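Being a predicted model, the structure only gives us computed values, none of them experimental.
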Amino acid sequence: MSWNLLLWLLALCALLALVVQLLRFLRADGDLTLLWAEWQGRRPEWELTDMVVWVTGASSGIGEELAYQLSKLGVSLVLSSRRVHELERVKRRCLENGNLKGKDILILPLDLTNRSSHEMATKAVLQEFGKIDILVNNGGVSQRSLCVDTSLDVYKELIEVNYLGTVSLTKCVLPHMIERKQGKIVTVTSLLGVISAPLSAGYCASKHALQGFFNTLRIELATYPGIIVSNICPGPVQSNIVKNALTEEVTKTTGSNADQSHKMAASRCVQLMLISMANDLKEVWIADQPFLLMAYLWQYMPTWAWWITDKLGKKRIENFKNGVDLVYLSPVPTSVKALPHY
């Protein structure tokens, strides 16, 4: 075999490998590190069994689905939200379909805006189970309105719930983890904590703030390698996010019931979240295409990303002004006021 033929074969193999990877990426629903961990990494059923997991926003959406999947892994669950009757419903289903008994699930009502209650809530968990292995910060609220029309009270609410409430609860749990020199702090932020989109200025700001806080916290905890800080950044997930999103006034929500068939199923999102938790990944992106592609463009080709976002943003704003329900680069599911991510 001549050297020229060998070089051509190597080039052809490289080209085929590139095409295969491109096709895989076009079908991807998570970042490449996350999907590698799903393929070759540690399994949740190996790593998370017998842990105590505290989930905020557990009454619906991602938090509810997370409770169901965790209940099958043999963990002890703490379920928090403002809506106690919904938490009881989630608990019943966990007991029906999971591997837990009643004593393994604690219903703990919680309002993220009532920061003075967070220390007492933490003590209640420790009194019940003696430890907190994983805190999943999943509570929050979303927004749909133009910046120029939006009351400052809406932005205040978004920061109070999404940012300060989450930071407050984390600070209450952190001393316990530092004392034990182990634990996982998992925060459900959003792809809009990495990029930006119109009609969600306050939401984007709160999620960018979470990214900054927990990235810094991770650095400060470098002397405690047993404490893992993870940011989960989902794109559009099937939920009540648009219906319950705040609008230009803090007392108003959109009430929209738009079709969600284009969004990722909450079950798949949670499956990838558990992979991330089992493999101690620092940050993961969970989204179908083209939303995942947009995240990569913002990260590595920001000039192109700005150009595309400007084009799509103009159309989105036009549709919004015309009262058309929108498909867009959605925040992670959230609920009104404080607790469940939808």
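Counting heavy atoms from C-beta on, the side chains of Val78 and Ile132 never come closer than 4.5 Å. Residues Thr33 and Trp36 are not in side-chain contact: their nearest non-hydrogen atoms beyond the backbone lie 4.5 Å or more apart. Counting only heavy atoms from C-beta outward, the side chains of Trp306 and Ser196 never approach each other to under 4.5 Å. Two residues are said to be in side-chain contact when any heavy atoms from C-beta on lie closer than 4.5 Å; Met51 and Leu73 fail this criterion. Proximity of Ser190 to Tyr203: side-chain heavy atoms (C-beta onward) are separated by under 4.5 Å at one or more points. Side-chain contact between Val53 and Leu66 is absent, with no heavy atoms from C-beta onward closer than 4.5 Å. Leu221 is listed as a side-chain neighbour of Ile178, based on a closest heavy-atom distance under 4.5 Å. Considering only heavy atoms from C-beta on, Trp298 stays 4.5 Å or farther from Leu191 through its side chain.
Listed for the Lys91 side chain is no donor-acceptor partner under 3.5 Å among the backbone atoms of Ile107. With hydrogens and angles ignored, the 3.5 Å screen pairs a side-chain donor or acceptor of Thr56 with a backbone N or O of Gly139. Proximity of a side-chain donor or acceptor of Ser200 to a complementary backbone N or O of Ala197 within less than 3.5 Å is not detected. With hydrogens and angles disregarded, a donor-acceptor distance shorter than 3.5 Å links the side chain of Asp31 to the backbone of Trp285. Of the possible polar contacts, none joining the Ser151 side chain to the Glu248 backbone as a donor-acceptor pair under 3.5 Å is found. Under the 3.5 Å distance criterion, the side-chain polar atoms of Gln289 are matched with a main-chain donor or acceptor of Leu293.
No continuous path of hydrophobic side-chain contacts links Leu16 to Leu9 [ILVMFWY only; heavy atoms under 4.5 Å]. A continuous path of Ile, Leu, Val, Met, Phe, Trp and Tyr side chains, each step under 4.5 Å between heavy atoms, connects Leu152 with Val154, placing both in one hydrophobic cluster. Ile228 and Leu48 fall into different hydrophobic clusters, defined by Ile, Leu, Val, Met, Phe, Trp and Tyr side-chain heavy atoms under 4.5 Å apart, directly or through other members. Cluster annotation: Tyr300 is connected to Met294 through the hydrophobic network of ILVMFWY side chains, with a link wherever side-chain heavy atoms come within less than 4.5 Å. Linking Ile, Leu, Val, Met, Phe, Trp and Tyr residues whenever their side-chain heavy atoms come within less than 4.5 Å leaves Trp39 and Leu35 in two separate clusters.
Going from atom CD of Glu45 over to atom CZ of Arg42 covers 12.5 Å, rounded to the nearest 0.5 Å. Atom CG of Leu106 and atom CZ of Phe129 lie 5.5 Å apart (nearest 0.5 Å). With rounding to the nearest 0.5 angstrom, the OH atom of Tyr224 is 9.0 Å from the CG atom of Leu174. Ile105 CD1 to Leu100 CG: the interatomic distance, rounded to the nearest 0.5 Å, is 5.0 Å. Expressed to the nearest 0.5 Å, how far OG of Ser230 lies from CG of Leu135 amounts to 11.5 Å. Rounding to the nearest 0.5 Å gives a distance of 5.0 Å between CG of Leu87 and OG of Ser81.
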Test side-chain contact (heavy atoms from CB on, under 4.5 Å) applied to Ile185 and Val173, step by step: CA-CA 9 Å; Ile185 300 171; Val173 173; 5.8 Å; no
Test log, rule side-chain contact (heavy atoms from CB on, under 4.5 Å), inputs Leu77 and Asp104: CA-CA 6 Å; Leu77 278 174; Asp104 299 319; over 6 Å; no
Verdict with supporting geometry, His208 and Gln211, side-chain contact (heavy atoms from CB on, under 4.5 Å): CA-CA 5 Å; His208 275 71; Gln211 291 281 117; 5.5 Å; no
side-chain contact (heavy atoms from CB on, under 4.5 Å) assessment of Glu283 paired with Val194: CA-CA 11 Å; Glu283 178 173 308; Val194 178; 4.0 Å; yes
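Closest approach of Leu146 and Thr150 over heavy atoms only: O-OG1, 2.6 Å. Of all heavy-atom pairs spanning Thr189 and Cys233, the tightest one is OG1-SG, 3.3 Å. The shortest heavy-atom contact between Leu79 and Ala67 is CD2-CB, 3.8 Å. The minimum heavy-atom distance between Ala121 and Leu108, with the atom names listed, is O-CD2, 3.6 Å. Annotation for Pro109 and Val84: closest pair CG-CG2, 3.5 Å, computed over non-hydrogen atoms. Nearest heavy atom pair, residue His118 against residue Ser168, reads ND1-OG, 2.8 Å.
For the residue pair Thr113/Glu160, the side-chain donor-acceptor check at 3.5 Å is not satisfied. Counting only N and O atoms by type, the side chains of Asn215 and Arg218 include a donor and acceptor under 3.5 Å apart. Side-chain N/O atoms of Glu157 and Gln143 include no donor and acceptor closer than 3.5 Å.
Environment of CD in Gln127: sparse, with no more than 12 heavy atoms of neighbouring residues, nucleotides or ligands closer than 6.0 Å. In the displayed structure, Tyr296 atom OH is contacted under 6.0 Å by more than 12 heavy atoms of other residues, nucleotides or ligands. Atom NZ of Lys131 sits in a crowded spot, with more than 12 heavy atoms from other residues, nucleotides or ligands closer than 6.0 Å.
Residue Thr187 is tested with Asn137, Thr166, Thr170, Asn231 for a side-chain hydrogen bond (donor to acceptor under 3.5 Å, both in side chains); the sole match is Asn137.
Taking the ring centroids of Trp307 and Trp304, they lie at or beyond the 6.0 Å cut-off.
The residues Arg89 and Glu86 are annotated as salt-bridged, a charged nitrogen and a carboxylate oxygen being separated by less than 4.0 angstrom. A salt bridge links Lys123 to Glu119: at least one charged side-chain nitrogen sits closer than 4.0 Å to a carboxylate oxygen.
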May I have the list of side-chain donor-acceptor pairs in residues 266-276 shorter than 3.5 Å, sequence neighbours left out?
| residue | atom | partner | partner atom | Å |
| --- | --- | --- | --- | --- |
| Arg268 | NE | Asp29 | OD2 | 2.7 |
| Arg268 | NH1 | Glu38 | OE2 | 2.7 |
| Arg268 | NH1 | Gln271 | OE1 | 3.2 |
| Arg268 | NH2 | Asp29 | OD1 | 3.1 |
| Arg268 | NH2 | Asp29 | OD2 | 3.3 |
| Arg268 | NH2 | Glu38 | OE1 | 3.2 |
| Arg268 | NH2 | Glu38 | OE2 | 3.3 |

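Tyr68 carries Arg93 over the face of its six-membered ring, with the cationic atom under 6.0 Å from the centre and within 45° of the normal.
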